[in-house]
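Below is one structure; the comments refer to it alone.
What you see below is based on every heavy atom in this structure, not just the backbone, and it leaves out hydrogens, waters and symmetry mates. A note on names: the letters A, B, ... follow the listed sequences, proteins ahead of strands, and every chain is numbered from 1.
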2 protein chains.
Amino acid sequence: MGVTIHDVAKRAGVSPATVSRVLNDRPGIRAETRERVLKAARELGYIPDFSARSLATKRTHTLGFLVHARHSLSSHSFYGQVLAAAEKEARQHGYHLLFSTVHDEAPLMLEEQRVEGLILAGCDIPRALILHLKHSGVPFVLVDNHLPGVNSIVIDNEGGAYEAVSHLIRLGHREIGFLCEWMEDLSFAERFAGYKRALQDHGLPYRPELVAEGEPRTPGSGYIAAQRLLQKARPSAVFVANDLTAVEAMRAFREAGLDIPKDIAVVGFDDGDLAPVAYPPLTTVRVFRDALGIQAVRRLLYIIEHPSTPPLQIRVFTKLIIRESCGTPLHAQLPPMPADAGA
Amino acid sequence: MGVTIHDVAKRAGVSPATVSRVLNDRPGIRAETRERVLKAARELGYIPDFSARSLATKRTHTLGFLVHARHSLSSHSFYGQVLAAAEKEARQHGYHLLFSTVHDEAPLMLEEQRVEGLILAGCDIPRALILHLKHSGVPFVLVDNHLPGVNSIVIDNEGGAYEAVSHLIRLGHREIGFLCEWMEDLSFAERFAGYKRALQDHGLPYRPELVAEGEPRTPGSGYIAAQRLLQKARPSAVFVANDLTAVEAMRAFREAGLDIPKDIAVVGFDDGDLAPVAYPPLTTVRVFRDALGIQAVRRLLYIIEHPSTPPLQIRVFTKLIIRESCGTPLHAQLPPMPADAGA
DNA sequence: CTGTTAGCGCATTCAG
DNA sequence: CTGAATGCGCTAACAG
């Protein structure tokens with residue numbers, strides 16, 4: 001506590017500037033001098049003061065990580081894992097992460113010059129904020145969200161849904177429902193698109209009565225969606241836009257006297273911790289949370305170093321995880337599945 | 001970007017020192033001057049530079065939030081919600097949160113003087129680290145963990161377990177099992193203690209064959225624990241030390257042909273997002289995550305302001321949430337329950 | 001290759 | 001009540 005660059009300089013018999021050079025690996029230092037400085041620093045237990053360094057360099061080596069307060073880090077949202085992975089990656093690059101939920105206006109951490117860039121996780125980051133950031137030229141990247149001309153790391157929602165529904169079709173299902181909390185969510189809309197494309201590619205008609213939504217941001221939304229679906233139709237399988245909704249829907253199905261997967265097969269999306277312990281264990285589409293966090297940090301760091309790099313969208317592919325909720329082939333033997341390209 | 005206190009001073013026709021005083025609410029400024037400065041600052045969109053301020057004041061207005069990398073922010077751990085609540089509370093006090101998983105040695109963020117204090121969440125923070133921090137005199141507080149002479153915010157594990165088991169007894173159960181992942185975990189040990197005390201207070205014998213552990217930190221640990229229990233005994237109810245383990249155990253019970261709650265009642269602990277969507281919905285002990293985060297921040301800020309305050313342990317009580325997994329009275333009508341004291 | 005000088009932006013003496 | 005001077009700890013530009 002309190003040993004400065006001056007103390008080190010005095011002990012090593014050099015000037016503070018030399019110490020600074022050595023500690024920052026600047027070129028042009030005699031090897032012998034370098035050793036002497038390093039030794040002195042080590043002996044004194046010198047650790048550079050963060051604020052002083054930031055003030056002098058205008059760099060804080062800190063990144064902001066923002067999520068919307070609503071789903072925040074609730075267990076069913078996987079941003080906690082994205083955060084943890086991001087922090088690990090950031091640390092390996094000498095960066096720290098300042099966490100915050102997003103609220104009203106522009107993040108204070110930015111204006112105070114606390115952070116060099118921002119990671120914004122989730123679909124529900126206010127559009128206005130994103131545009132403001134884009135306009136102001138701050139380095140930032142979206143995770144699980146996207147906008148034209150903005151750097152983002154996205155989940156292959158459409159492809160994952162396509163694969164899930166294709167699997168159902170391959171199992172022999174012809175009447176496949178789609179359930180989600182609400183269509184306005186970007187991710188859910190994309191998963192819905194994947195659902196429709198899979199139907200079409202396999203020559204199956206799209207039938208609106210097989211689609212149902214729950215209530216936006218309401219607990220038990222999946223339960224409601226399932227009930228609504230059952231009033232309109234009786235599909236032999238459903239693809240549900242996320243795990244929690246799927247589990248809630250399964251409950252409604254059970255209460256309606258349907259057995260899962262015998263009477264109705266269900267596939268979810270996310271492969272959160274919920275999926276393996278659901279009853280029955282949920283077939284679902286795995287989202288690689290770590291990859292999202294890691295890529296977000298790498299991309300952001302790159303943008304910071306190369307401010308004029310053109311915006312990029314990085315897509316993280318998904319992987320279908322087959323458990324028990326989707327059952328086995330309905331009628332005949334399956335053709336062999338092509339090898340998986342996940343991970 | 002770049003409007004400094006000097007700019008404000010010039011525009012307001014005063015000196016930088018005066019601006020600083022106004023902006024920091026220092027006494028001894030004429031009202032008229034104050035207004036003029038405030039106006040100038042507003043017009044210029046002045047925002048104080050964080051690094052410069054920190055360097056001058058030796059205060060970063062930043063708190064570190066550490067969790068162990070292992071369970072990190074996985075959905076089944078509720079620290080994500082503690083973090084979110086802590087961040088909100090911190091923000092209201094003008095503080096920011098630096099997030100990190102805990103690893104090898106002393107947190108760099110501390111030595112670099114990035115943070116004024118630390119929140120350490122979870123039972124698995126290395127003992128050595130805690131002792132090191134205590135020795136070095138840094139302000140810090142433990143969450144969901146404790147040590148003599150160290151500030152901490154704890155869950156009433158023992159009391160929560162006591163209430164859960166008492167409920168089971170009240171329902172008519174006499175053979176009540178206890179299941180957990182592994183006994184070495186502090187929280188689980190405390191919950192186990194509550195289990196035993198409840199048995200004792202109700203005149204029931206403690207029988208080791210009714211207790212089983214799974215495998216430490218192994219997925220499906222609850223499943224294993226339940227199987228082990230079933231080999232030794234056939235209780236009519238079990239109290240399980242956390243929700244995830246409970247849900248896994250329920251699966252094992254079902255596979256053994258037991259109906260829940262008819263053949264075996266189960267109660268969990270945590271009331272995470274898993275509990276309400278489990279099958280059947282899980283009766284469990286609610287942990288108030290927000291309270292943990294809020295109290296941690298408040299306590300830490302207090303310690304920072306009053307460094308010599310004696311260490312405190314703050315206990316957050318729990319609340320039994322009754323759902324379906326524990327069924328209804330076994331034999332007779334229940335006596336009326338006393339009003340709840342939760343929240 | 002290394003020392004000296006001069007800030008980074010702000011808060012805080014000490015004068016007046 | 002307010003201004004001028006000083007320094008927080010470090011890096012960078014310029015000499016030497």
Side-chain angles (χ1 to χ4, degrees), chain A residues 1-41 44-62 94 108-116, chain B residues 1-41 44-62 94 108-116:
Chain A
M1 178 98 57
V3 28
T4 78
I5 208 172
H6 283 92
D7 303 324
V8 178
K10 206 185 313 167
R11 182 178 245 266
V14 296
S15 76
T18 300
V19 176
S20 174
R21 287 188 188 104
V22 171
L23 267 32
N24 292 305
D25 276 323
R26 295 269 181 282
I29 295 282
R30 209 192 326 160
E32 191 267 330
T33 310
R34 160 182 304 274
E35 285 315 317
R36 203 146 33 89
V37 170
L38 254 23
K39 181 159 171 290
L44 290 174
Y46 169 76
I47 291 174
D49 180 274
F50 161 71
S51 304
R53 174 179 287 202
S54 300
L55 181 57
T57 58
K58 306 275 99 191
R59 302 206 52 170
T60 57
H61 284 262
T62 307
L108 185 60
M109 58 168 76
L110 198 66
E111 324 220 84
E112 280 180 321
Q113 322 256 14
R114 276 174 183 262
V115 295
E116 299 180 25
Chain B
M1 177 95 60
V3 30
T4 79
I5 207 173
H6 282 91
D7 304 325
V8 177
K10 207 184 313 167
R11 181 178 247 265
V14 297
S15 76
T18 300
V19 176
S20 175
R21 287 190 187 102
V22 172
L23 266 33
N24 292 304
D25 276 322
R26 295 273 179 277
I29 295 284
R30 206 192 327 159
E32 190 267 330
T33 310
R34 158 180 306 274
E35 285 315 316
R36 200 145 36 89
V37 170
L38 255 22
K39 181 158 171 289
L44 291 173
Y46 169 76
I47 292 175
D49 180 275
F50 162 71
S51 304
R53 174 179 290 204
S54 300
L55 180 58
T57 58
K58 307 275 99 190
R59 302 205 55 169
T60 58
H61 284 259
T62 307
L108 185 60
M109 59 167 75
L110 198 65
E111 323 219 84
E112 281 180 319
Q113 322 256 15
R114 274 174 185 263
V115 296
E116 298 180 24

Of B:Gly13 and B:Lys58, the one whose closest nucleotide on DNA chain D sits nearer the 5' end is B:Gly13
NA contact type, A:Tyr46, heavy-atom cut-off 4.0 Å: base, sugar-phosphate, or nothing?
sugar-phosphate
Taking only side-chain N and O atoms of B:Thr18, does any of them lie within less than 4.0 angstrom of OP1 or OP2 on D:dG3?
yes
Can you tell me the distance, in whole Å, between the CD atom of A:Glu35 and the P atom of C:dT2?
12 Å
Under 4.0 Å, heavy atoms only, any strand: does B:Pro48 hit a base, just the sugar-phosphate, or nothing?
sugar-phosphate
With the side chain of B:Val14 defined as its heavy atoms from C-beta on, choose the nearest nucleotide among D:dC1, D:dG3, D:dT11.
D:dG3
Could you say whether B:Asp49 or A:Ser15 is positioned toward the 5' end of DNA chain C, judged by the nucleotide with the nearest heavy atom to each?
A:Ser15
B:Val3 and B:Tyr46 have their tightest heavy-atom pair at O-CD1, 3.2 Å
The side chain of B:Ala52 lies closest to which of these nucleotides: C:dT2, C:dG3, C:dC10?
C:dC10
Given atom CD1 of B:Ile47 and atom P of C:dC10, what is their separation to the nearest angstrom?
11 Å
Below 4.0 angstrom from OP1 or OP2 of D:dT11, is there any side-chain N or O of A:Ser20?
yes
When you check the gap from the basic side-chain N to the acidic O, do B:Arg36 and B:Glu32 get nearer than 4.0 Å?
yes
Between CZ of A:Phe50 and C1' of D:dC8 the distance, given in whole Å, is 15 Å
For B:Asn24 and C:dT12, what is the distance between atoms CG and P respectively, to the nearest whole Å?
7 Å
Checking D:dG9, D:dT2, C:dT4 against the side chain of A:Ala17 (C-beta onward), the nearest is C:dT4
Which atoms form the tightest heavy-atom contact between B:Ser51 and A:Leu55, and what is the distance?
CB-N, 3.8 Å
Nearest-Å distance, CD1 (A:Ile5) to C1' (D:dG7)?
16 Å
All N/O donor-acceptor pairs, side-chain side in residues 12-23 of chain B, below 3.5 Å, sequence neighbours left out:
from    : atom 1 : to      : atom 2 : distance (Å)
B:Ser15 : OG     : B:Ala17 : N      : 3.4
B:Ser15 : OG     : B:Thr18 : N      : 3.4
B:Ser15 : OG     : B:Thr18 : OG1    : 3.3
B:Ser20 : OG     : B:Asn24 : ND2    : 3.4

Does a side-chain N or O of B:Arg21 approach OP1 or OP2 of D:dT2 to a distance below 4.0 Å, or not?
no
How is B:Ser54 classified with respect to the nucleic acid when contacts are heavy atoms under 4.0 Å: base, sugar-phosphate, or nothing?
nothing
Length of the line joining B:Arg59:CZ and C:dA11:P, which is rounded to integer Å
13 Å
At under 4.0 Å between heavy atoms, what does B:Arg26 touch on the DNA or RNA strands: base, sugar-phosphate, or nothing?
sugar-phosphate
When we call it a touch if two heavy atoms are under 4.0 Å apart, what does A:Thr57 touch: a base, just sugar-phosphate, or nothing?
sugar-phosphate
To the nearest Å, give me how far apart CG (A:Leu23) and P (C:dT2) are.
14 Å
Assign A:Leu55 to base, sugar-phosphate, or nothing according to its heavy-atom contacts below 4.0 angstrom with the strands shown.
base
Using whole Å, what does the distance between atom C1' of nucleotide D:dC10 and atom CD of B:Glu112 come to?
13 Å
Ignoring hydrogens and angles, tell me if any N or O in the side chain of A:Glu116 forms a donor-acceptor pair with the backbone of A:Thr60 under 3.5 Å.
yes
Under 4.0 Å, heavy atoms only, any strand: does B:Val19 hit a base, just the sugar-phosphate, or nothing?
nothing
Could you state the interatomic distance from CG (A:Leu44) to OG1 (A:Thr4), rounded to the nearest 0.5 Å?
9.5 Å
Quick one: on DNA chain C, does A:Arg36 or B:Ser51 contact a more 5' nucleotide (nearest heavy atom)?
A:Arg36
